[in-house]
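Below you'll find the structure, written out as structure tokens, and then a few comments.
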Protein chains: 2
Amino acid sequence: MICEHEKLHEISVKRAKEHILHTQDVEKICKVFRLLADPNRFKIVSALLEGELCVYHLCEICQSTVSAVSHQLRLLKDGNIVRAKRMGKNVEYSIADGHIREIVEMGVEHLYCKGE
Amino acid sequence: MICEHEKLHEISVKRAKEHILHTQDVEKICKVFRLLADPNRFKIVSALLEGELCVYHLCEICQSTVSAVSHQLRLLKDGNIVRAKRMGKNVEYSIADGHIREIVEMGVEHLYCKGE
DNA sequence: TGAACACTTGAATAAATGTTCAACTATTCA
DNA sequence: TGAATAGTTGAACATTTATTCAAGTGTTCA
């Protein structure tokens with residue numbers, strides 16, 4: 001009982017401790033946020049929300065190099081954010097998970113509603 | 001027109017280019033995701049969603065040191081995720097922005113619906 | 001088959017990040 | 001005032017991360 005406001009926070013502390021997620025779960029959630037936290041990856045994901053695209057077009061949209069985009073795509077693929085499918089000479093990328101759109105849109109909404 | 005599937009992707013490319021956010025906006029959004037991408041900060045934010053708490057209790061909940069939590073709180077404060085308010089010897093922290101709850105909950109939902 | 005295109009990969013480098021430690025400020029109360 | 005409590009801060013360190021470059025794989029087509 002070091003904190004003076006023990007009484008005031010009793011309920012918050014109790015609820016926070018009850019609701020705290022397991023470390024593994026927190027890490028899984030954070031991994032998704034971390035993947036969306038890089039501007040280039042965010043642009044890749046945003047672009048793919050409009051439809052599937054090959055690496056060349058993603059480079060064009062993100063104004064980045066083929067190699068950099070490919071490295072980022074690998075991370076997104078490993079994190080189950082995107083899916084790859086070879087079509088002839090090209091590799092088509094698409095969004096792998098339906099929740100991603102909601103998370104991205106929530107981020108955009110947060111931006112536009114700032115200052116309310 | 002290097003990509004073979006130009007026809008197929010014409011619409012996706014067009015839409016992606018139209019909808020692409022400004023670099024500054026992408027960076028603002030990514031900053032929020034980056035702040036939520038660290039397990040300790042995520043735990044701090046989750047705990048504060050249950051009600052305001054002082055540093056000591058946040059340490060207890062996050063199983064971290066006072067100094068580490070304080071450093072993380074400064075980042076969260078700079079990013080307008082949390083707010084600080086001195087109450088006597090303690091500093092009470094609370095969530096500064098209404099959208100944070102939705103973003104966090106979206107992350108949690110993504111976790112539980114994995115595999116659908 | 002071999003040249004051209006599309007993409008991937010590994011190593012190297014530079015930059016950003018998180019934690020710890022020690023020293024510091026701010027507040028209360030005897 | 002001074003001791004105790006609560007929290008902040010800066011420097012140092014190790015770790016992670018993103019990009020670049022060069023070399024590689026896979027596919028198509030003449």
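In this text, all values refer to a predicted model and were calculated from it rather than measured experimentally. The sequence lines fix the lettering, A, B, ..., with proteins before strands; numbering per chain opens at 1. These values consider heavy atoms only, across backbone and side chains, with no hydrogens, waters or symmetry-generated copies.
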Original post:
Rounded to whole angstroms, how far apart are CD on B:Glu92 and C1' on D:dG7?
Top reply: 12 Å
**OP:** Could you tell me the separation between the CD atom of A:Glu52 and the P atom of C:dA6, rounded to a whole number of Å?
**Re:** 17 Å
Subject >> A:Glu92 to A:Cys54 - nearest heavy-atom pair and separation >> reply: OE1-N, 3.8 Å
Subject >> Of the listed nucleotides C:dG18, D:dG7, D:dA18, the one nearest the side chain of B:Asp38 >> reply: C:dG18
Subject >> Short side-chain N/O contact from A:Asn90 to OP1 or OP2 of D:dT27, under 4.0 Å >> reply: no
Original post:
In residues 60-74 of chain B, what residues come within less than 4.0 Å of DNA chain D, judged by heavy atoms?
Top reply: B:Val66, B:Ser67, B:Ser70, B:His71, B:Arg74
Original post:
Hey, does the side chain of A:Tyr93 come within less than 4.0 Å of C:dT8's phosphate (OP1/OP2), counting only N and O?
Top reply: yes
Original post:
More than 12 non-hydrogen atoms from neighbouring residues, nucleotides or ligands closer than 6.0 Å to CD on A:Glu18, yes or no?
Top reply: yes
**OP:** Could you check how far CZ of A:Phe42 sits from P of D:dT17, rounded to whole Å?
**Re:** 19 Å
Original post:
Taking the side chain of B:Val55 as heavy atoms from C-beta outward, which of C:dT8, D:dT5, D:dG7 is closest to it?
Top reply: D:dG7
**OP:** Could you tell me the separation between the NE2 atom of A:His57 and the P atom of C:dA6, rounded to a whole number of Å?
**Re:** 10 Å
**OP:** Round to a whole Å and report the spacing from NZ of A:Lys89 to C1' of C:dA6.
**Re:** 7 Å
Original post:
Please give, in whole Å, the distance from C:dC7 P to A:Leu58 CG?
Top reply: 9 Å
Subject >> NZ/NE/NH1/NH2 to OD/OE distance under 4.0 Å, B:Glu52 and B:Arg83 >> reply: no
**OP:** For A:Arg86 and A:Val91, indicate whether the former's side chain and the latter's backbone hold a donor-acceptor pair under 3.5 Å.
**Re:** no
**OP:** Report the relative orientation of the aromatic rings in A:Phe33 and B:Phe42; use parallel for angles under 30°, tilted for 30 to 60°, perpendicular for over 60°.
**Re:** tilted
**OP:** Could you state the atom-to-atom distance from CG of A:Leu76 to C1' of D:dT17 in whole Å?
**Re:** 14 Å
Original post:
In terms of side-chain geometry, is the basic nitrogen of B:Lys14 or A:Glu50 positioned less than 4.0 Å from the acidic oxygen of its partner?
Top reply: no
Subject >> Criterion side-chain contact (heavy atoms from CB on, under 4.5 Å) on B:Leu53 and B:Tyr93, from CA distance to verdict >> reply: CA-CA 5 Å; B:Leu53 290 166; B:Tyr93 281 89; 5.9 Å; no
Subject >> Interatomic distance where CG belongs to A:Leu75 and C1' belongs to D:dT17 [whole Å] >> reply: 9 Å
Subject >> Whichever of A:Arg86 and A:Arg34 has its nearest DNA chain D nucleotide further upstream toward 5' >> reply: A:Arg34
